[in-house]
Amino acid sequence: MAVHDSAAMTSPCTSESSFPSSMRVAYIETEDLPKWTADQFMLRSYAKTCRIPLSQWDSFDATKGELPTATQLRDYACICITGSHYNVSDAGLPWLAPLFQMIREAAALPSLRVLAICFGC
């Protein structure tokens, strides 16, 4: 049985009071089907589930080439990469390589937490 340090397991997605209002979340949309993107359905769902007010989320649409820069990533407490009907191994999607580069840059920042949801069918 693995033993985990509870301090290392803490998440900013626990309660509003544990996520200071000065902290920001980068929401990276990887879906473009209106069923999931209309009225910011998924963004609102993540914000509600994480108990972090919408006003603290900055939205980027990876399918349109919108991503935070390496410098901007330092301004976030965490990033949330949505799920998608696309597949991560589909080399024909021009926006995947920049997304993968952004993920590598995020992984290099020890204080930045990353939440990534199922991506691909």
Side-chain angles (χ1 to χ4, degrees):
M1 177 187 314
V3 177
H4 300 285
D5 177 0
S6 62
M9 299 292 287
T10 59
S11 167
C13 294
T14 55
S15 72
E16 269 185 63
S17 61
S18 68
F19 198 81
S21 61
S22 62
M23 291 187 170
R24 310 288 308 158
V25 179
Y27 174 83
I28 314 298
E29 181 65 73
T30 62
E31 181 58 72
D32 61 2
L33 290 178
K35 172 182 179 178
W36 302 111
T37 60
D39 300 323
Q40 296 185 317
F41 170 75
M42 293 306 296
L43 172 57
R44 289 184 296 108
S45 296
Y46 289 123
K48 182 177 179 181
T49 299
C50 291
R51 298 184 189 132
I52 300 171
L54 272 174
S55 61
Q56 290 180 243
W57 296 71
D58 294 327
S59 183
F60 299 87
D61 189 336
T63 69
K64 295 178 180 173
E66 300 170 3
L67 294 169
T69 65
T71 302
Q72 288 173 317
L73 285 173
R74 289 174 168 72
D75 295 335
Y76 293 104
C78 61
I79 62 172
C80 175
I81 304 169
T82 69
S84 180
H85 76 280
Y86 293 107
N87 194 308
V88 296
S89 61
D90 186 352
L93 297 173
W95 52 272
L96 280 183
L99 174 65
F100 296 158
Q101 180 59 36
M102 190 240 13
I103 293 170
R104 284 189 286 276
E105 292 165 353
L109 298 172
S111 64
L112 180 62
R113 296 177 181 185
V114 178
L115 169 66
I117 312 302
C118 181
F119 194 115
C121 297

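Bear in mind that the values here come from a model prediction, so they are computed numbers and not experimental data. For reference, positions follow the sequence shown, starting with 1.
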Stepwise side chain to side chain contact (heavy atoms under 4.5 Å, CB included) check, M102 with I81
CA-CA 11 Å; M102 190 240 13; I81 304 169; 4.2 Å; yes

Nearest 0.5 angstrom please: L33 CG to M42 CE, how far?
12.0 Å

Would you compute the distance between atom CZ of R104 and atom CG of L99 and round it to the nearest 0.5 angstrom?
9.5 Å

For M23 and A77, which heavy atoms make the closest approach, and how far apart are they?
SD-CB, 3.8 Å

Quick check: closest heavy atoms across A108 and P110, and the distance to 0.1 Å?
O-CD, 3.3 Å

With sequence neighbours left out, which residue pairs that include part of residues 31-50 fulfil the salt bridge (Lys or Arg N to Asp or Glu O under 4.0 Å) condition?
none

Return the minimal non-hydrogen interatomic distance between A47 and L54, and the atom names on each side.
CB-CD2, 3.9 Å

Closest contact, heavy atoms only, A106 versus V114
CB-CG2, 4.2 Å

Separation of D58 CG from D75 CG (nearest 0.5 Å)
9.0 Å

Counting only N and O atoms by type, is there a donor-acceptor contact under 3.5 Å from the side chain of E29 to the main-chain atoms of T82?
no

Do any N or O atoms from the side chain of T63 and from the backbone of T30 form a donor-acceptor pair under 3.5 angstrom?
no

Could you tell me whether a side-chain N or O of W57 sits under 3.5 Å from a main-chain N or O of I52, the two making a donor and an acceptor?
yes

Where does the angle between the aromatic ring planes of Y27 and Y46 fall among parallel (under 30°), tilted (30 to 60°) and perpendicular (over 60°)?
tilted

With rounding to the nearest 0.5 angstrom, report the CD1 to SG distance, I117 to C80.
5.0 Å

Which heavy-atom pair separates Y76 from P68 by the least distance, and what is that distance?
CE1-CB, 4.3 Å

Rounded to the nearest 0.5 Å, how far apart are OG of S84 and CD1 of I28?
13.5 Å

Give me the ring orientation class for W95 and F119: parallel if the planes are under 30° apart, tilted from 30 to 60°, perpendicular past 60°.
tilted

Check D90 against L96 and note the closest heavy-atom contact, atom names and distance.
O-CD1, 3.2 Å

Rounded to the nearest 0.5 Å, how far apart are CD of Q72 and CZ of R24?
11.5 Å

